[in-house]
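As a basis for the values below, the full set of heavy atoms in this structure was taken, side chains included, without hydrogen atoms, waters or symmetry mates. For this chain, numbers begin at 1 and follow the sequence in order. Please read these numbers as outputs of a predicted model, since none were measured by experiment.
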Amino acid sequence: MTRQKTILVTGGAGFLGSFLCESLVADGHSVICLDNFHTGAREKIAHLMDEENFELVWHDVTVPVHADVDEIYNLACPASPVHYQSDPVKTVKTNVMGALNALELARHTQAKVFQASTSEIYGDPAVHPQDETYWGNVNSIGPRSCYDEGKRCAETLFYDYHRQYGLEIRVARIFNTYGPRMNADDGRVVSNFVLQALKNEPVTLYGNGMQTRSFCYVDDLIRGIRALMDHEPGVLHPVNLGNPVEFTMRGLADLVLELTGSRSELVFRPLPQDDPRQRRPDITRATEALGWQPEVPLRRGLEKVIDYFDGVLSRRPARVEVPAALTARPPLAVRRRANGGAAVGPLSL
């Protein structure tokens, strides 16, 4: 029987974080969800709020936090270009200081700690498909570098903390992931295409539409993350998590139009700077070490996303307004209650 743990999830009210919290809560773990609601939203985790083993804490990961935890999943950071480019300095701080604070907490509690890295660390790759031994082709001063280099620095910190302090770490390089609860305004290609098609607006392609991506459904990704975290000690190298089936942007657009029955036309715009031309993970390491591979085909996953956004458009839920000056608030401490919940108070360093 699996031992019940107290687990901290940073960015837990985000797209991926909400599904991870849901999975952990369902398995009976006590989950502390940290989020500053910059891109996360309360409605993503609203269905968990009545669970006794779930606690939501409003907090920014650039500020230290103390918690009595067994495991830490560090997922906090905007992941779409629209959001991470809107405040690039904040993006770097979230990646680097957030990783540092998660690692310091892990060092003091001896918790196992997971870093949500990204395929963006490969940049515009000169190697295809990308395996974990590839060092990447990243523009360190471009408009995407706040995210790309921030994630690369976070990986450096994780491996230095392992070497220097002996921390048990896990690092996943996450490729394009999609599913319900994606933000409608995040500029990702799947949500863009689906929303434009549902509203019969022009579907926007960049360049000639022949650049490629590989799309992993969120349920498959969460299985991969948990398989990596639950694996016996020794899986210390980064692990690619994604779907190795490759699609062109034009092919994705055509499939979305077919599934929605949309009257939208395709329009073409200039390719953004440093936008990768090809991206497909080599998942040999995940398959051999974890026994993991994705199961949900793109067509079936898109049907679920279309149903979700069709509901969003009919409901038009209001976003939660959150004050911006989170770092002006005192740091938060989270302590385990006797019943497994969390208590919040000022942190003394």
Side-chain angles (χ1 to χ4, degrees), residues 11 13-18 36-41 43-44 75-92 94-95 116 118-121 123-124 139 142-151 174-218 221 242 247-253 255-257 260 262 264 266-279 298 301-302 305-306 308-310 312-313 316-317 319:
F15 166 48
L16 297 181
S18 66
N36 69 355
F37 299 104
H38 177 56
T39 55
E43 55 262 30
K44 296 184 194 299
L75 277 68
C77 188
S80 73
V82 168
H83 289 139
Y84 67 64
Q85 291 175 5
S86 67
D87 190 344
V89 173
K90 176 67 172 177
T91 298
V92 173
T94 300
N95 276 318
T118 173
S119 60
E120 295 288 347
I121 66 104
D124 186 5
N139 177 0
R144 302 170 70 100
S145 60
C146 59
Y147 185 73
D148 301 359
E149 297 288 21
K151 288 290 189 180
I174 297 171
F175 283 68
N176 291 65
T177 304
Y178 71 103
R181 301 183 202 158
M182 297 176 74
N183 287 344
D185 62 349
D186 68 2
R188 300 191 206 205
V189 64
V190 170
S191 52
N192 276 359
F193 284 3
V194 168
L195 284 164
Q196 289 169 341
L198 287 172
K199 293 188 282 188
N200 291 304
E201 296 175 350
V203 171
T204 307
L205 290 158
Y206 294 92
N208 61 7
M210 291 296 106
Q211 64 269 41
T212 67
R213 297 291 185 273
S214 304
F215 300 101
C216 185
Y217 189 68
V218 63
L221 182 75
F247 292 87
T248 66
M249 297 299 93
R250 176 62 187 265
L252 174 65
L255 181 55
V256 168
L257 292 177
T260 58
S262 175
S264 297
L266 301 180
V267 296
F268 294 83
R269 299 284 184 264
L271 194 66
Q273 182 181 340
D274 299 329
D275 191 63
R277 293 159 296 175
Q278 288 183 299
R279 183 164 288 159
L298 183 61
L302 284 176
V305 174
I306 290 166
Y308 171 76
F309 278 118
D310 194 33
V312 169
L313 291 175
R316 296 192 181 279
R319 285 188 58 82

Distance check, rounded to the nearest 0.5 Å: [X] atom [atom1] versus [Y] atom [atom2]?
X    : Y    : atom1 : atom2 : value
H38  : T91  : NE2   : OG1   : 6.5 Å
N208 : L271 : CG    : CG    : 8.5 Å
R188 : F215 : CZ    : CZ    : 11.5 Å
T118 : Y147 : OG1   : OH    : 4.0 Å
R181 : F15  : CZ    : CZ    : 9.0 Å
F193 : L198 : CZ    : CG    : 13.5 Å

For the residue pair [X] and [Y], what are the closest heavy atoms and their distance?
X    : Y    : answer
A76  : G11  : CB-N, 3.8 Å
G142 : Q273 : CA-NE2, 4.3 Å
V305 : P180 : CG2-N, 4.1 Å
F37  : A13  : CE2-CB, 3.8 Å
C77  : T94  : CA-CG2, 3.8 Å

Side-chain heavy-atom pair [X], [Y] within 4.5 angstrom cut-off:
X    : Y    : answer
R144 : N139 : no
F175 : C216 : no
L257 : L266 : yes
K44  : N183 : yes
E120 : K151 : no
L221 : I174 : yes

Taken in chain and number order and not counting sequence neighbours, the residues that satisfy side chain to side chain donor-acceptor pair (under 3.5 Å) with S262 are N200, S264

For Q211, the side chain to side chain donor-acceptor pair (under 3.5 Å) test, sequence neighbours excluded, returns none

*Qualifying residue, where the test is side chain to side chain contact (heavy atoms under 4.5 Å, CB included) with F247 and the options are N176, L298, T212*: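 It is L298, the one option of N176, L298, T212 that forms the side chain to side chain contact (heavy atoms under 4.5 Å, CB included) with F247.
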
Just by distance, do the side chain of D124 and the backbone of R277 share a donor-acceptor pair under 3.5 Å? yes

Flag, side chain of Q196 to backbone of T204, donor-acceptor distance under 3.5 Å: yes

_Under 3.5 Å, is there a donor on one side chain and an acceptor on the other for D186 and S191?_
yes

**Q.** Those residues that, when tested against V92, pass side chain to side chain contact (heavy atoms under 4.5 Å, CB included) (two or more places apart)
**A.**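 Side chain to side chain contact (heavy atoms under 4.5 Å, CB included) check on V92 returns V96, C146.
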
- Task: Kindly determine whether Y217 and Y178 satisfy ring pair (Phe, Tyr, Trp, His ring centres under 6.0 Å), including the steps that lead there.
- Result: CA-CA 5 Å; Y217 189 68; Y178 71 103; 5.5 Å; yes

